[in-house]
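Structure record follows, encoded as structure tokens.
The figures here come from the full heavy-atom set of this structure, side chains too, leaving out hydrogens, waters and symmetry mates. Keep in mind that what you see is a predicted model, and the values were worked out from it rather than measured.
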Amino acid sequence: MPPPSNRRSFRDSVLVDAYRVTNREPNIGRAETKYDNAAATAATHSETITSVNQYYSANRNMLNAAAKGFASLEPKVIENAISKFNETVKIVINGLDALAQVHPFIKVAVVPFKLVITLDMKRRESNQKVIALRVQMQDMMCVLFQLRHMKDPDSEGPDGKTIQDRMQELIKTIAENIQKCGSACDAYLKKSFLSRTLKSQVYERRLVEWASTFAEHRTQLEKALAIHTAIGVDKANQKLDIQQTTLKNIEAEMTRMADIFKKLDTPREKEINKFLEEHGGAKACIEQDDLLTKLIAKSGESLTGVLQRSTTKGTDDSIVAARKKLLKEIAEDVDDVFKKNFEIFEAKMTIQYEHIEHMMDRQGKQIMSALLSGAHERILDADLQRLWKEMGWKGSVKARHFVLALRDYFIDQFNIATVATVSEDLTNIGLLTPPPDVTACATEPVAGNDQWTLDYINVGNVQPIIEVIDDDGTGFISIKEANTFAAERPKGWTLLHWLAFWAKGWQRSISRYQNQIYLIIQEMHRQLGNVKTNNRFIVDWYLFSDSFRTIEQLLRSTQRVDDNEQINSNLERLTELYVRSEEERLERNLQGVDYNIDSPATVSVITGQGRIERHVYPLLFLLLRHHLRIVKAASAHILHINELDHWAVSLDSIVTIVKQRAEALGASGYKTLHLEWQVFYRLIWESPDSWNPSENSIAYWQDQSTERDEGDDVYAEDALKLLYLPPQNTFSYTPIDFDIPPFQLNSDSPPYPDGLEGIWTGQCHTPGSDGARISVQGTLMLRILSIEDGERLTGKAVSPYGTADAFGSVESTGRESKKVIITIYYEGLASIVYCLTGKYDPATQTIEGTYEVDREDVKVIEEVGNDDGGKGEDGIEGDVTHGGRESKEKARKTSPRPPNGRGNDNSTTGHHGNPTFVLRRTPPELYRFLYSQDERIRNPAKARWSFACKSALYLVKKRTLEMVVPS
């Protein structure tokens, strides 16, 4: 029935009907029933409003501080708001949970707000700029507490609209923006510290925009409330004028937040930004080995930290891999990154939405119950509530006392049930029985067929029961933990079932998972013999990652149950039901995120509440089973080189959480926990250097299952649908337009042309820390096409970096020797320019000297290239690749500057001498047989003879093959 037009008439009508009901015959009609329900609802609603106001009053100081946000730009104010955020936001969330019981329409925004904050709190790393944005979000949400003044949510404002009608669309918009902002912050925090700092201006601009959006939403909320609660039209207009003025200050709010972010720069960020500014910007520093090394050192991260992987693929130089990753990240569009991440983040939110909405209802009721009742009445389960009351416990109780008292309580309940049964039997045969004990029969006896559970709820199994209830590991059971444990039991299970499962059934399920995971990993290693040759490298690399070492240590530390021990068939059935339902739930959540656990924070999204040891075994089983399908797909398809890298991130995320848990065990006293976790802690932390590959238990593990091969996985889905990246089944390559003439063993032409024209092969080396020479770009093939006017040369070059244009100058220094300066710039990496300065020796047919990577040469090329191209966003990207013939011709006419030996920061000079290069006339196809410098020094004759034999054998084989398969 729609409510009356005003509250007075509604109250009068209720009183009249109440009078009529009390003075007539007791046959109540439908109308009276409706009025009774309305009156009951109003009374309940009044109680709820009262509890919300009581909560607000009890936490007024905290909520007022949260509503102020950043009241000023004073450093102390900013620091105080950020440092106390984790404390205040919990108060705000609990208050919003209770408020949503009164105004359910605000749940639309409260749920995503709670989800985003919860995900952030689960992160190991805290970022002050993200917290500052959360403070702004919290400031906006605190406006909703003004709704506590509205006792009737259905009351209409001056324009005839209810508060829900007025605010519903705005609340939906706020919810969407909270979720998008949460996704943006999630993508931002996934980046390494160095990646975030290199693009700090771009990222911070986006964060500031979100802060201004929330400031605008706050204004809109206040405007809606002002209209609804204004007593007179003039007063409402006055408030609206104030809000209009506030709306004009959105730009000022953006400037204000930008200033706050500037104040939140850490000393490391300031140092890195100064370093980048002094050395030509981010790209300039990344492209030079020495500057990149210094940059990584200043960031405080290791190379593996920058790469965000525990190992690097194959024998790739880590610094080269870091350069590729950082160049890719500074080139990618931030909006595209946010858009891609939103798909994953939205899936995480969907997984947790139903769970957290249910938790909101329960927590909101608990808050109101706590304000209106005693300690024991806050316990939701009837048996636990009676026990809590009988024992006179307050807010918490020692965990061991709780479990033993719980066992005694249920034993008493079974005794009551037995006495009741005997009394009934005596009555049926006509014998007198003593009068019933009213106190003893005040509770309903438990079911007699659950008595088997007491065999497992005993002193020997106290520890596993304590661990599952005492979630924070303090040794005390709180009311919240007792409620959480009772509420998590599966539907249809009694509390006794739930206790018996954790006493014995869970450990049996872990033993089964241990066996399954061992078998899956063994199957992965067996599949190595079946995968295509092209995939062998990436599968090897995946199995070699540090994550598998941690998984093996976890499996090795897991204590198996006695397979010969007989357990009750009821417990066995319950264990099977629980394991199956948990697997289905976890797999459903994994499918929701496409099996991509992109960060450690996502692990708890997949698993839900509870410590990681409750979920790590089934989670690893499901994830590794999926990865095994990918490995099997490698037998039929050529995988993308980064395919398994993508899936390995999920393992890294789980392992990170496991290691954090092991670390926490060490800090809190791990000896109180399960034996396997004690062993695991010792394996991981107490002796990190004692791990020996010979102790690896994967190789010698024997299948423990008796019914079937638990590692066997029949999966009929098309393998291509499982892959994250498109397979590389079609071979493709980019032909190199280099025109290298084949080497002819019996050619009548001279082995080398006159002068410098022709093919040169060699390498650029940089001295290592141990004095050894390290090749920086692999084998370099250079073809000098022409030398104009006897001094200006042009040519082409090819190396693993790609193709390059070469130009330079030749200067006579003696009768035959010449000084050669060659500048090489790569088309794919336009700003990488090698300047080679050496001496040409016609007797040995070598060009030998030193080289630098000089930024000044880049600027010359950019000035030419920008005639057609232009600079990039950061002002350092010239279009030299597609500048056209005219720009390249201008570049050739521009005299390259030789390395000046200044030893400036733009040089690639190492710590142990200048980098060197050697170019020879050795044909490129025979260069791999060339002796090293050390071999030549030790025994020149033997080195040359070995080179000649290997080259001749290769050429004979090549010639034979050409005869068998003519071109």
Test item: V116 and M349 side chains (from C-beta on) under 4.5 Å apart, heavy atoms:
yes
Got I597 and V649 here, is their nearest side-chain heavy-atom distance under 4.5 Å?
no
Search all heavy atoms of A184 against all heavy atoms of W210 and return the closest pair with its distance.
CB-NE1, 3.9 Å
Determine yes or no for a side-chain-to-main-chain donor-acceptor pair under 3.5 angstrom, with T575 supplying the side chain and W506 the backbone.
no
If the plane angle is over 60° it's perpendicular, under 30° parallel, otherwise tilted; pick one for Y518 and W701.
parallel
Please step through side-chain contact (heavy atoms from CB on, under 4.5 Å) for the pair V202 and R206, ending with a clear verdict.
CA-CA 7 Å; V202 180; R206 299 297 190 279; 4.1 Å; yes
Quick check: does any side chain N or O of S183 sit under 3.5 Å from a backbone N or O of Q179, one acting as donor and the other as acceptor?
no
Compare all side-chain heavy atoms of L651 with those of L620 and state whether any distance is below 4.5 angstrom.
yes
I'd like to know if the side chain of K191 and the backbone of T197 have a donor-acceptor N/O pair within less than 3.5 Å.
no
Would you check if the side chain of N515 reaches a backbone N or O of D703 as a donor-acceptor pair within less than 3.5 Å?
no
Let's go through I654 and T550 carefully: what are the C-alpha distance in whole Å and the side-chain angles of both, what is the deciding distance for side-chain contact (heavy atoms from CB on, under 4.5 Å) to 0.1 Å, and is it a yes or a no?
CA-CA 10 Å; I654 296 174; T550 304; over 6 Å; no
Here's one to test your reading of the geometry: is the NZ or CZ of R268 within 45 degrees of the ring axis of F193 and under 6.0 Å from its centre?
yes
Pair E576 + R512: basic N to acidic O under 4.0 Å
yes
Apply the test salt bridge (Lys or Arg N to Asp or Glu O under 4.0 Å) to residues E329 and K325: give CA-CA distance (whole Å), side-chain angles for both, the deciding distance (0.1 Å), then the verdict.
CA-CA 6 Å; E329 291 200 352; K325 180 175 179 63; 3.3 Å; yes
Return yes if some donor-acceptor pair links the side-chain N/O of N127 with the main-chain N/O of L189 below 3.5 Å, else return no.
no
Between R526 and E523, does any NZ, NE, NH1 or NH2 come within less than 4.0 Å of an OD or OE carboxylate oxygen?
yes
To the closest 0.5 Å, what do you measure between CG (L639) and CG (D645)?
12.5 Å
Rounded to the nearest 0.5 Å, what's the gap from OG1 on T607 to CZ on R585? Could you check?
7.0 Å
Would you call E488-R614 a salt bridge at under 4.0 Å N-O?
yes
Could you tell me whether the side chain of L295 reaches within less than 4.5 Å of the side chain of L276, counting heavy atoms only?
yes
Is the backbone of R560 close enough, under 3.5 Å, to the side chain of S511 for a donor and an acceptor to pair up by distance?
no
Salt bridge or not between K348 and D186? Use side-chain N to carboxylate O under 4.0 Å.
yes
Residue pair E583 / Y578, side-chain donor-acceptor N/O under 3.5 Å
no
Less than 4.0 angstrom from a charged side-chain N to a carboxylate O is my criterion; do E176 and K180 meet it?
no
Would the distance check show the side chain of Q514 and the main-chain N or O of T558 forming a donor-acceptor pair, the cut-off being under 3.5 Å?
yes
Test the R196-Y203 pair against the cation-pi criterion, namely NZ or CZ under 6.0 angstrom from the six-membered ring centroid and within 45° of the ring axis.
no
Atom CG of N642 and atom CH2 of W647: how far apart are they, to the nearest 0.5 Å?
13.5 Å
Identify the heavy atoms of L554 and Y617 that sit nearest to each other, and give their distance.
CD1-OH, 3.7 Å
Any I521 side-chain heavy atom under 4.5 Å of I551 side chain
yes
Donor-acceptor contact present, side-chain E643 to main-chain L725, <3.5 Å:
yes
Side-chain heavy atoms of L624 within contact of L628, under 4.5 Å:
no
Distance from H637 atom NE2 to I630 atom CD1, nearest 0.5 Å?
10.5 Å
Any luck finding a side-chain donor-acceptor pair between T602 and S599 under 3.5 Å?
yes
Testing the basics here: between S650 and L623, what is the closest heavy-atom pair and its distance to 0.1 Å?
CB-CD2, 3.6 Å
Closest approach of C185 to R134 (non-hydrogen atoms, all atoms of both residues)
CB-NH2, 3.4 Å
Backbone N/O of A634 and side chain of N535: donor-acceptor pair under 3.5 Å
yes
Shortest non-hydrogen contact from I606 toward L586:
O-CD2, 3.6 Å
Between E552 and R556, does at least one N-O distance fall below 4.0 Å, as a salt bridge requires?
yes
What I'd like to find out is whether the side chain of S200 reaches to under 4.5 Å of the side chain of N273, using heavy atoms alone.
yes
Is there a donor-acceptor pair closer than 3.5 Å between any side-chain N or O of Q728 and the backbone N or O of P726?
yes
Are the side chains of L327 and K324 in contact, using a 4.5 Å heavy-atom criterion?
no
On a heavy-atom basis, the closest approach of I538 and L644 is O-CD1, 3.7 Å
Calculate, to the nearest 0.5 Å, the distance between atoms CD and CG belonging to Q516 and L519 respectively.
8.0 Å
With the threshold set at 4.0 Å, does a side-chain nitrogen-carboxylate oxygen contact exist between E613 and R661?
yes
Output the distance between atom NZ (K114) and atom CD1 (I178), rounded to the nearest 0.5 Å.
13.5 Å
Do D540 and R536 meet the salt-bridge criterion of a basic N to acidic O distance under 4.0 Å?
yes
When you check the side-chain N and O atoms of S547 and D652, is any donor under 3.5 Å from an acceptor?
yes
Sidechain N-carboxylate O distance under 4.0 Å for E269, K298:
no
Is the closest side-chain donor-acceptor distance between S192 and S195 under 3.5 Å?
yes
Test ring-ring contact (aromatic ring centres under 6.0 Å, His included) applied to F548 - qualifying residues, sequence neighbours left out:
Y542
Is there a side-chain hydrogen bond (donor to acceptor under 3.5 Å, both in side chains) between E204 and Y188 once you walk through the steps?
CA-CA 10 Å; E204 288 176 18; Y188 173 70; 5.3 Å; no
Walk me through it: do L619 and L590 pass the test side-chain contact (heavy atoms from CB on, under 4.5 Å)?
CA-CA 9 Å; L619 186 61; L590 284 170; 4.1 Å; yes
Y724 vs H646 aromatic rings, parallel, tilted or perpendicular, using cut-offs 30° and 60°?
parallel
Stepwise side-chain contact (heavy atoms from CB on, under 4.5 Å) check, S635 with K532
CA-CA 5 Å; S635 303; K532 288 184 175 293; 6.0 Å; no
